[in-house]
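To start, the structure itself, in structure tokens.
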There are 2 protein chains.
Amino acid sequence: METPARRPTLRDVARRAGVSTMTVSRVLNGGENVRPALRRKVESAAAELDYRRNENARSIRPGQRSRLVGVIITNISNPYYAWVMSGIEGVIGRSGRRILVGISHSDVELEKELVRDMIGRQIEGLIVVPSDSGGAHLSPARLGIPVAIASRPLAGIEADTVMVDDVGGAFEGIKHVLDAGRRRVAFVGAGESVSTSVRRLAGYRLAHERAGVPVFDELIRRDANDVASAETAVRQLLALPEPPDAYFTATNRIAVGALRALQPVAGEDPPPLVSFDDFDLAGLMSYPLVIVDHDAPALGRTAAQMLLRRMDDPEPGPYVQVTLPSAVKRVTLKG
Amino acid sequence: METPARRPTLRDVARRAGVSTMTVSRVLNGGENVRPALRRKVESAAAELDYRRNENARSIRPGQRSRLVGVIITNISNPYYAWVMSGIEGVIGRSGRRILVGISHSDVELEKELVRDMIGRQIEGLIVVPSDSGGAHLSPARLGIPVAIASRPLAGIEADTVMVDDVGGAFEGIKHVLDAGRRRVAFVGAGESVSTSVRRLAGYRLAHERAGVPVFDELIRRDANDVASAETAVRQLLALPEPPDAYFTATNRIAVGALRALQPVAGEDPPPLVSFDDFDLAGLMSYPLVIVDHDAPALGRTAAQMLLRRMDDPEPGPYVQVTLPSAVKRVTLKG
DNA sequence: CGAATAGCTGTTATCGTTACCAATCACGTG
DNA sequence: CACGTGATTGGTAACGATAACAGCTATTCG
């Protein structure tokens, strides 16, 4: 019967090198004030044992940082959030820290539990794409660590926040089709609880108002959350007595669903689609599109940078709210 | 000047409830053998202080599991790996464990460093999409914890492995276009170091051999790693004196690049594209496509399940190698 | 040559938690 | 009423690492 094969500890390295644990600890933390001969002995002993410091044990000492950052996003299978994640990872990874990920699946209770668990694991900071617009459980004051909020603003929470210019992007996209003479533009997005969708709808209304074009309630669908529900919603819009002459979709997933409904019935002059968020093959679609683009990795990068700043600087000043630009990027309207 | 506001500890809860730390610990671990009155007192004290157990401190005690799993993937911004991640997260999250992620960017040295760091953080198990086909540093025997390898086999490593049937899927896809009478099918993929690409090329060769169709070296491009390089490679193939009459792309990213080159010059009877991996809008493309599909989340789920089994069962038996099916899913060839 | 100094190394205590054991208490039994 | 039994509770000692201090050894300088 073998022993369970525990990993070697500082003590094991010390024994092997014939020194005290403190000397080993000093060598491993930069080797200041250790004779080169001893240092080499310790280093080779550590290498032979394949020793790795137990970071958890280390982090229980006061004043030691865990070099761990928590990241909570709502959905990892959506490429958009994967990009955000990618931006976060680039910055956090380069700072020598590791990432603890949690997927909230847009469930506030799960999000709370994830936060609590991560706090228990001594994260130094937290980046969250919140599940909901309310979130006292995300307050940095309450958690005792810096927090960066990405993608949507949080009511009543004092924390660094980075968002996309949803209103401006939607405004510009809608203006494009209104300028092209369209007068019945459908809005397909999510409901009250998804604040990006709320702000994109605000941009939609603003563009109509400025252009003096009336908004028709029957053209506003707020029940599209994913590809399938978007496809259904657009099918129903198509079946209206007086169907839309253009479509605005609040996310790229919704755009994909909408295209599935629109493309097969596209006739001579199909109603153009304005999509918030770019998607891979947008440039190759034969369907007329207006793409409102923004930089998802930059969202992640910015959130990570804001967090690092606050983690490293004891007096980083007041909370910041950054809005990243979004703008019409590509237009494939014919004629 | 405020104190640095450390989180409350077990001791603080004990003091507030007027009991010993052991009693608090017992309550927090299930509350066996504690009088209900005391238990309630402890619970309310913990709630008032918003106490959260320090999991790191807990995990240094022998026999305590960290409930932490490491996941290392090569690239998070590729939707394919995001799906794999999604499958992993579903299974691991439901088991009450958290995920420590690392992105290796296909850099073996970085991968090694990530593994070492994660070991230092006391992960219970590790799931890896390896950067390279060699990897002694990933051996579970060496690391002392279970390891699951996803996506590509590792030479000489004893570990649970889950892969996709690359040879069979490529074979079927190629067979499709050969049966349709194509005789100059280009292969666009990555080089020797990417083992999925190697195996997909094997399937490509096998299909030709079985059909008695010669393979032309000039049609085989092994320098495509991403969208941009794939686009370039296909442009060059198009410029050949005798260009291909069909294309096989080894990944969905490469397919996107290929389409960017092919679609703009598509004439009457464009060379069909066989893509390994599905992509969102494949069904809506006007270009003739053959999609070889496989289930990326299932890859992640399977890896996670294999890992959990080995983590929970002290005698899980010999290492397993699972191959998930891949098959032609959708065909939009005209005629 | 003696003493002050600087550099190196070990000892001890501690971080937050839990395993182990001892102590206490209520209760029923002979 | 003495005793055993079982449940409840607390004390103590780790787990692995490091901060603070103490002790030791060379080196330098007057």
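Chain A is the first sequence line, chain B the second, and so forth, proteins listed ahead of strands; every chain is numbered from 1.
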ask   = Less than 4.5 Å apart, any side-chain heavy atom of L100(B) and any of L68(A)?
value = yes
Using whole Å, what does the distance between atom [atom2] of nucleotide [N] and atom [atom1] of [X] come to?
{"X": "R35(B)", "N": "dG10(D)", "atom1": "CZ", "atom2": "C1'", "value": "13 Å"}
{"X": "R61(A)", "N": "dA13(C)", "atom1": "CZ", "atom2": "P", "value": "13 Å"}
{"X": "R53(A)", "N": "dC15(C)", "atom1": "CZ", "atom2": "P", "value": "20 Å"}
{"X": "I60(B)", "N": "dT17(C)", "atom1": "CD1", "atom2": "P", "value": "11 Å"}
{"X": "R121(B)", "N": "dC15(D)", "atom1": "CZ", "atom2": "P", "value": "23 Å"}
{"X": "N56(B)", "N": "dC15(C)", "atom1": "CG", "atom2": "C1'", "value": "12 Å"}
{"X": "R7(B)", "N": "dG16(C)", "atom1": "CZ", "atom2": "P", "value": "12 Å"}
{"X": "R39(B)", "N": "dT9(D)", "atom1": "CZ", "atom2": "P", "value": "10 Å"}

message = Closer than 3.5 angstrom, by distance alone: can the side chain of S139(B) be matched with the main-chain N or O of A136(B) as a donor-acceptor pair?
response = no
Test: [X] and [Y] ion pair at under 4.0 Å:
{"X": "E113(A)", "Y": "R52(B)", "value": "yes"}
{"X": "R7(B)", "Y": "D12(B)", "value": "no"}
{"X": "K112(B)", "Y": "E109(B)", "value": "yes"}

query = Counting side-chain heavy atoms from CB outward, which of dG16(C), dC15(C), dT18(D) is closest to R58(A)?
reply = dT18(D)
query = Where do I76(A) and A82(A) come nearest, in terms of heavy atoms and distance?
reply = O-CB, 4.2 Å
note = Scanning both residues in full, the closest heavy-atom pair of L307(A) with G125(A) reads CD2-C, 3.9 Å
For [X] and [N], is the shortest distance between a side-chain N/O and OP1 or OP2 below 4.0 Å?
{"X": "N33(A)", "N": "dG7(C)", "answer": "no"}
{"X": "Y51(B)", "N": "dT17(C)", "answer": "yes"}
{"X": "Q64(A)", "N": "dA19(D)", "answer": "yes"}

Selection: residues 16-28 of chain A, any non-hydrogen atom under 4.0 Å of DNA chain C = V19(A), S20(A), M22(A), T23(A), R26(A)
Residue whose closest nucleotide on DNA chain C lies nearer the 5' end, L38(A) versus P62(B) = L38(A)
